[in-house]
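The next block holds one structure in the form of structure tokens; read it before the comments.
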Amino acid sequence: MHPQSQKPSFSFAVESRLRDSTSPPAADFQGRTGTITTPHGDIKTPAFIAVGTKATVKAVLPESMKELGAQALLANAYHLFLQPGADILDEAGGLGKFMNWDGPTFTDSGGFQVMSLGAGFKKVINMDAVTSGGADDDVAAGKERLAHVDDDGVWFKSHLNGDRHRFTPEISMQIQHQLGADIMFAFDELTTLMNSRGYQEQSLERTRLWAERCVTEHDLLTAARSHRPYQALFGVIQGAQYEDLRRKACRDLGAMDFDGFGIGGALEKENLGTIVRWCSEELPEDKPRHLLGISEPDDLFTAIENGADTFDCVSPTRVARTSAFYTPDGRWNLSNARFKRDFGPLVDGCDCYACAHYSRAYIHHLFRAKEMVASTLVSIHNERFIVKLVDDARLAIEDGTFFDLKAEVLGRYYAPR
RNA sequence: GGCAGAUUACCCGAGUGGCCAAAGGGGGCUGACUGUAAAUCAGCUGGCAUCGCCUUCACUGGUUCGAAUCCAGUAUCUGCCA
């Protein structure tokens, strides 16, 4: 289509800069708005990218995701590789076509699964794992490790049937090219908060070398599959809580031919803004920055303020399936008895489909009766809530009212009750 | 009418002399969930209270140092025979 351009259909343009309406522009804020252009449409940033791990946003139709304003969806290479197989999605015409989503798509590389399966326990990924001390208990309990990392890649055992598989940076790229998402992530190793500084350094070097291999393989595959729409590749910044490691990772990967960057790793909540800021200061300004796995309102404002452009998170749908719904006054549990006779919407004034048509009492009943539609309705509401929160933040940056909005929203959301 | 068997906490159900306020489910109440091994996981569920104390295993009365558990009677229910 555009033979003169290597990447004809992917671009990112910064549009407005975060500023403070109430004080002199002393601070050099990193926050910004922009537009990511992909072969399947634009993403106005900051944007929340909904997660559909196995090529479906759990319990929600793509049509509903479109209606609630989701701009893009993110699926997972590890899960789709195991089931149904990347070749199936390739034959289907790619992830978006397969799942009937005509907007932009992302795939994650499977790096997260290396960590979560390799650790052999789940507590380690919690942000407070360091203080919970839960991991040692699980190690003592002898839980099986499903993944083992070496410098070349990872051996996995499928969590579905125990089959042994090999992932390397090259294989992850091959899989993600078959999956066909507009944006994919380099294969990285995600460390935990409990790893030693020495291991963090070793792992970071591994992730750097893997990033180089991803770029090389990606270039080969892009050339070999030139009949397909261009797929952008984002490098993933690790380095845990260490400033020097984060900055080094940004400089190393920033010099490589990536289209954008993911900021990954297990983050302690209180360090999130600082870490994003380090990355924003080091990474090329004209490339988008995706913060992986974040969606709590305070984290979103903090990350946007410090220069993150996009986010993805399982939280809106996961907590929805266990009956938690977002309100401007915090996250509440709809299965609580107090909602049994509450015939109002989940949130007054919410423009989502669930709030337009159904009451708290009704959805409370559906949860009690274990009816599937309960998950659907609350997932729609929660996705809408987070998508709109980020949309509002974008508009507020454009208007110069970001800090007013932040104070208002977070003051109410986290007010003691 | 005769014979046999049952009756345990909100429900189902284990327990057949002390380790029993009583297993396990369900239900109920609550909490957690941040690149999804998650329609999952955890706690509580007789009462009051800090260890502890008090009242419970259909009811009444016994046996025993000690009873949900053994004995007798009563009530209700379920089979089979008339």
Side-chain angles (χ1 to χ4, degrees), chain A residues 48-60 73-80 82-83 106-123 125-129 132 134 138 143-147 156-162 183-190 234 236-238 261-269 272 290-300 302-303 308 310-326 331-340 366-379 382 386:
Chain A
F48 179 70
I49 314 302
V51 174
T53 300
K54 301 182 198 177
T56 172
V57 178
K58 292 185 191 294
V60 183
L73 304 182
L74 180 147
N76 184 277
Y78 166 80
H79 288 277
L80 292 173
L82 291 181
Q83 188 179 54
F106 293 56
T107 48
D108 190 17
S109 65
F112 179 82
Q113 282 66 33
V114 174
M115 186 281 295
S116 65
L117 300 172
F121 44 80
K122 296 179 190 171
K123 288 178 191 169
I125 68 176
N126 293 346
M127 293 191 183
D128 60 352
S132 77
D138 282 354
K143 295 200 178 167
E144 186 192 9
R145 298 166 68 95
L146 293 175
F156 284 98
K157 269 188 179 176
S158 161
H159 70 281
L160 296 176
N161 62 10
I183 295 170
M184 33 191 194
F185 287 96
F187 189 60
D188 62 327
E189 184 187 10
L190 167 51
F234 284 24
V236 180
I237 306 302
Q238 293 291 344
F261 300 91
I263 300 171
L267 308 171
E268 281 181 298
K269 201 175 175 70
L272 189 146
H290 179 93
L291 180 60
L292 287 150
I294 293 297
S295 75
E296 286 304 301
D298 55 342
D299 296 333
L300 289 170
T302 300
T310 53
F311 315 86
D312 69 278
C313 195
V314 304
S315 220
T317 55
R318 180 186 288 172
V319 304
R321 267 174 276 123
T322 57
S323 78
F325 67 107
Y326 292 102
R331 199 164 81 189
W332 294 351
N333 187 345
L334 186 58
S335 65
N336 285 359
R338 64 188 166 119
F339 296 116
K340 190 172 185 176
L366 294 179
F367 271 113
R368 292 312 186 93
K370 303 193 193 313
E371 287 292 342
M372 295 182 284
V373 167
S375 297
T376 299
L377 292 172
V378 178
S379 294
N382 286 354
I386 298 299

Just N and O in the side chain of A:Gln113: are any of them under 4.0 Å from OP1 or OP2 of B:A37? yes
Contact under 4.0 Å: A:Ser315 side-chain N or O vs B:U34 OP1/OP2: no
Atom CG of A:Asp108 and atom P of B:A37: how far apart are they, to the nearest Å? 10 Å
Scan every strand shown for a Watson-Crick or G-U wobble partner of B:C57, both distances under 3.5 Å, and answer none if you come up empty. none
Decide if the gap between the ring center of A:Phe325 and the ring center of A:Phe339 is smaller than 6.0 angstrom. yes
B:A37 phosphate, OP1 or OP2: any side-chain N/O from A:Ser116 under 4.0 angstrom? yes
Counting only distance, no hydrogens or angles, is the base of B:U36 paired donor-acceptor with the side chain of A:Lys54 under 3.5 Å? no
Residue whose closest nucleotide on RNA chain B lies nearer the 5' end, A:Ser375 versus A:Leu74: A:Leu74
Using purine N1 to pyrimidine N3 plus N6-O4 or O6-N4 for Watson-Crick, or N1-O2 and O6-N3 for G-U wobble, each under 3.5 Å, what pairs with B:U7? B:A75
Counting side-chain heavy atoms from C-beta on, which of B:A39, B:A32, B:A37 comes nearest to A:Thr322? B:A32
Using a cut-off of less than 4.0 Å, is there contact between a side-chain N or O of A:Arg318 and OP1 or OP2 of B:U34? yes
Dump every N/O contact between nucleotides 28-31 of chain B and the protein below 3.5 Å, one line per pair.
{"residue": "B:G28", "atom": "OP1", "partner": "A:Arg368", "partner atom": "NH1", "Å": "3.4"}
{"residue": "B:C29", "atom": "OP1", "partner": "A:Arg368", "partner atom": "NH2", "Å": "3.3"}
{"residue": "B:C29", "atom": "OP2", "partner": "A:Arg368", "partner atom": "NH1", "Å": "2.5"}
{"residue": "B:C29", "atom": "OP2", "partner": "A:Arg368", "partner atom": "NH2", "Å": "2.4"}
{"residue": "B:U30", "atom": "OP2", "partner": "A:Ala337", "partner atom": "N", "Å": "3.3"}
{"residue": "B:G31", "atom": "OP2", "partner": "A:Asn336", "partner atom": "OD1", "Å": "3.2"}

How many whole angstroms separate atom CG of A:Leu117 from atom P of B:A37? 7 Å
Integer-rounded Å distance: B:U34 C1' and A:Phe112 CZ: 9 Å
Name the nucleic acid region contacted by A:Thr317, choosing base, sugar-phosphate or nothing; use a 4.0 angstrom heavy-atom cut-off, strictly under. base
So, for A:Phe185 and A:Phe234, is the gap between ring centers shorter than 6.0 Å? yes
Taking 4.0 Å as the cut-off, does a side-chain nitrogen or oxygen of A:Arg331 come that near to OP1 or OP2 on B:A32? no
Base B:G35 to side chain A:Gln238, donor-acceptor N/O within 3.5 Å cut-off: yes
